[in-house]
Amino acid sequence: MLYRFFIERPIFANVLAYATILIGAVCLFVLPIEQYPSITPPTVQVSTNYPGADAGVLSDTVASPIEQEVNGVEGMLYMSSTCASDGSYNLTVTFEVGTNLDMAQVLVQNRVAIALPKLPEEVQRQGITTKKKSTSIIMVVALTLVGRQL
């Protein structure tokens with residue numbers, strides 16, 4: 001019954017639709033997004049390079065000492081690592097949701113510093129990079145896809 005009213009008055013239906021879109025657009029910029037909790041777990045990435053080493057040597061001489069020290073850092077959920085045949089090593093440490101990312105980076109960096117003397121001299125000379133890594137970009141992709149469907 002109600003649908004007949006809008007079918008017989010298409011201009012009124014269009015005005016109502018445009019008003020709804022306008023109100024939604026205004027509310028989009030007014031609503032505070034910071035009030036929502038973080039849903040993606042924070043991560044810290046450790047990376048280094050061992051020139052001339054293959055993945056097996058890299059795994060034995062670099063990955064093993066670093067992972068033994070980093071394992072069990074406070075608030076850690078899991079870690080994953082990759083050893084490439086070009087001598088590059090990446091370790092991603094994922095923490096619980098709500099963990100302070102700055103503090104997590106410091107904790108991982110301290111553990112990596114403990115493992116540094118156990119590493120080959122070439123790796124020590126080139127250094128190890130520990131940096132925060134944001135996984136929140138997934139939310140931007142999701143919002144972009146939803147926006148395109150409208």
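All values below come from the heavy atoms of this structure, side chains included, with hydrogens, waters and symmetry mates left out. Sequence positions, counted from 1, serve as the residue numbers for this chain. Only a predicted model underlies this, so the values are computations on that prediction, with no experimental measurement involved.
- Residues Gln45 and Thr130 have side chains not in contact (no heavy-atom distance under 4.5 Å, counting atoms from C-beta outward).
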Using a 3.5 Å cut-off and no angle test, enumerate the donor-acceptor pairs between side-chain atoms of residues 82-92 and protein atoms at least two apart in sequence or in another chain.
{"unit_1": "Asp86", "atom_1": "OD1", "unit_2": "Ser88", "atom_2": "N", "d": "3.2"}
{"unit_1": "Asp86", "atom_1": "OD1", "unit_2": "Ser88", "atom_2": "OG", "d": "2.9"}
{"unit_1": "Tyr89", "atom_1": "OH", "unit_2": "Glu67", "atom_2": "OE2", "d": "3.1"}

Please test Leu116 against Ile128 for side-chain contact (heavy atoms from CB on, under 4.5 Å), starting from the C-alpha separation and ending with a verdict.
-> CA-CA 8 Å; Leu116 194 61; Ile128 300 175; 3.7 Å; yes
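- Side chain of Thr20 to main chain of Leu16: a donor-acceptor pair is present (N/O by atom type, distance under 3.5 Å, no hydrogens or angles).
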Can I get a per-line list of side-chain donor-acceptor pairs under 3.5 Å for residues 93-104, giving both atom names and the distance, sequence neighbours left out?
{"unit_1": "Thr99", "atom_1": "OG1", "unit_2": "Glu96", "atom_2": "O", "d": "2.8"}
{"unit_1": "Asn100", "atom_1": "OD1", "unit_2": "Asp102", "atom_2": "N", "d": "3.2"}
{"unit_1": "Asp102", "atom_1": "OD1", "unit_2": "Lys132", "atom_2": "NZ", "d": "2.6"}

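- Between Val70 and Ile66, the closest side-chain pair of non-hydrogen atoms falls below 4.5 Å.
- Enclosure of atom CZ in Arg4 is not indicated, since only 12 or fewer non-hydrogen atoms of other residues, nucleotides or ligands lie within 6.0 angstrom.
- Scanning for ring pair (Phe, Tyr, Trp, His ring centres under 6.0 Å) contacts around Tyr78 gives an empty result, with sequence neighbours left out.
- Ring pair Phe6/Phe12 is parallel by interplanar angle, where below 30° counts as parallel and above 60° as perpendicular.
- Nearest heavy-atom pair across Pro117 and Ala113 is CD-O, 3.6 Å.
- Using a 4.5 Å heavy-atom threshold, the side chains of Tyr50 and Leu119 count as separate.
- For Asn71 against Arg111, the heavy-atom pair with the smallest separation is O-NH1, 3.4 Å.
- Note that NZ of Lys118 is 13.5 Å distant from OG1 of Thr61, once rounded to the nearest 0.5 Å.
- Crowding of Ile7 atom CD1: a count of heavy atoms from other residues, nucleotides or ligands under 6.0 Å exceeding 12.
- The 12-atom threshold is not exceeded at OH of Tyr18, counting heavy atoms of other residues, nucleotides or ligands nearer than 6.0 Å.
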